[in-house]
Amino acid sequence: MRILVSFISILLSLQFLSAKTAIDVIPCPASVVASEGKLSVAGARCKVDSKFGKAAVAAVKDFEENLFRASTVKKGESGVVVFFEMASEMSDEEYSISVSEKAAVVKASSLKGVLYAMETMKQMLPVAIYTGAPAPDAEWTLPCVEIKDNPRFAYRGLLLDVSRHFFDVEQVKRYIDLMVIHKLNTFHWHLTDDQGWRIEIKRYPELTQIGAVRKETIIGRWADKKGFDGIPYGEGMWYTQDQIKEVVEYAASKGVEVIPEIDLPGHMLAALATFPELGCTGGPYEVCRWWGVSKDVLCVGKESTFMFLENVLSEICELFPSKYIHIGGDECPKVRWQNCHHCQAKIRELGYRDDINHSAEHYLQSYVTKRIEDFLATKGKKIVGWDEILEGEIAPDATVMSWRGTKGGIAAARLGHDVIMAPNTYCYFNYYQAKDQSTEPLARGGFTPVSKVYSYEPLSDEMTDEEKSHILGVQACMWSEYITDWKGLEYMLLPRLSALSEVQWCKPENKDYESFLKRMIHMAEIYKALGCDYANHIFN
Ligand code: ACM
Ligand code: ZN
């Protein structure tokens, strides 16, 4: 009996490891109907309706080139054609793929639909399609299939913190490439924080001359008491405005919008170190050398602080075409404001008082948020803020990014505000991936394995349908205190990004963790083909 059981389990595991099937695609498409037969696409030509625009034509051309180089069959030799047809009745991110033994037909209405269809097809082909590396012996066929696909959520985001540790333009592009494979559409770029200012502001070149550089960096965690490394960090580690434009354009060509974050009025030590008059005490301040929350924040009792913010944000608005600007708002201690005569005078002028819910200083922060919202509205922009912006009184048109669990997001939706769910409990990719922390690179704490990310359901039963309609989508966050280089970043990102993509893209009835794990076998081959480091707990 025991032998029989082992035999069956071997058979099952062989099946588990067997060649990929037509739908080894992540995120899983909404509808897949497979049929008999396949289409050889070695040397296939691609024909794309020029109505899709230049970026789509270029992307399809890249796909065709890689198909030709990897299959080593000359373009057009097979006579097969992959058609990309305009279907203007489709929604922006929708697409369909119909593969018969004669041709493949993609339908979409926009660049994004074309890109998503290609990403789906790439996952149905040998992994050499990603690099164009010659693989003449691989099976260059698409299975006959009808795929109809459309995302569940319109906002599918991923944050990168470049303040604590910097990632250069090429690395940021690679990050975006990994997002694209998973059909994410929003890159949240956390550009400023206590530990470094990383974006050129023409009016204030000192921000990157002084504010980008910290004297040294804490070793390990505060509690470890290991001291500081004595090595200056951040010289030249910032993006010129030309580089910012380059990334924004690159992302747009891949269907990704970039939302910049200028975190205010807390998390501003890099700016305070540059311009001490922006603080309540006048300093001296230094660019932060440790991780955590600084008591020193912008002094918002002074008009000159608002002039500074408006000048910075004006340049930001010029650089980023996104509808949203993220203004942070998180972790802003109030102790400096309590002891500052400028801030207290402002509180008196505005008539704020402590009440049973909030202090006068919380209302002062709400005033700041509202004022920045009004300013950005003059530039045609809307604000996103972390869930602390609910404290005091939320700005009328603000979108809330819920990070301290989901409570803030639910409360905001109840107040009729749009919400992006990024609960740390499911979506913080700087948390550990294994219970046994000794086996892992040093991380922030927490425990967010792939299965936990996968299990996240953003629309809770506590919400009414009206409230649910305010949940724009889901985002994961990559905070880089303990992520010092690109390889470390890939390890924390993968495969959690793959799990996240199904939370963002798939309807609940199409989600299945066991199926996901099977499909991950092919995704891991893609990671390898791209030379990515990834955590392998789910494969063990
Ligand atoms: C945050 O993690 N402070 C948004
Ligand atoms: Zn002040």
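Quantities reported herein were computed from a predicted structural model and do not represent experimental measurements. Atoms considered below: every heavy atom in the structure, side chains included; atoms not considered: hydrogens, waters and symmetry mates. Numbering of ligands and ligand atoms starts at 1, following listing order.
The Zn ion (ligand 2) has no N, O or S atom of His341 inside 2.8 Å of it. Under 2.8 Å from the Zn ion (ligand 2) lies no N/O/S atom of His342, from backbone or side chain alike.
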Between Ser460 and Ile410, does a side chain to side chain contact (heavy atoms under 4.5 Å, CB included) hold up when you go through it step by step? CA-CA 8 Å; Ser460 94; Ile410 294 170; 3.9 Å; yes
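A donor-acceptor pair shorter than 3.5 Å can be found between the side chains of His190 and Glu261.
Of the angles at the Zn ion (ligand 2), the one spanning SG of Cys343 and SG of Cys299 is 110° when given to 10°.
Considering both main-chain and side-chain atoms, Tyr428 comes within under 3.5 Å of ligand 1 through a nitrogen or oxygen pair. Considering backbone and side-chain N/O of His267, none are found under 3.5 Å from N/O of ligand 1. The shortest N/O to N/O separation between Glu331 and ligand 1 falls below 3.5 Å.
Classified by interplanar angle (parallel below 30°, tilted 30° to 60°, perpendicular above 60°), the ring pair Phe516/Tyr454 is tilted.
Nearest protein heavy-atom neighbour of atom 3 (N) of ligand 1: Asp330 OD2, 2.7 Å.
Taking every non-hydrogen atom of Trp479 and a distance limit under 4.0 Å, the qualifying atoms of ligand 1 come out as 1 (C), 2 (O), 4 (C).
Counting heavy atoms from C-beta on, the side chains of Pro260 and Ser322 come closer than 4.5 Å. A heavy-atom distance below 4.5 Å is found between the side chains of Cys28 and Arg519.
When each of Ile420, Asp418, Asp387 is tested with Val400 by the rule side chain to side chain contact (heavy atoms under 4.5 Å, CB included), just one qualifies, namely Asp387.
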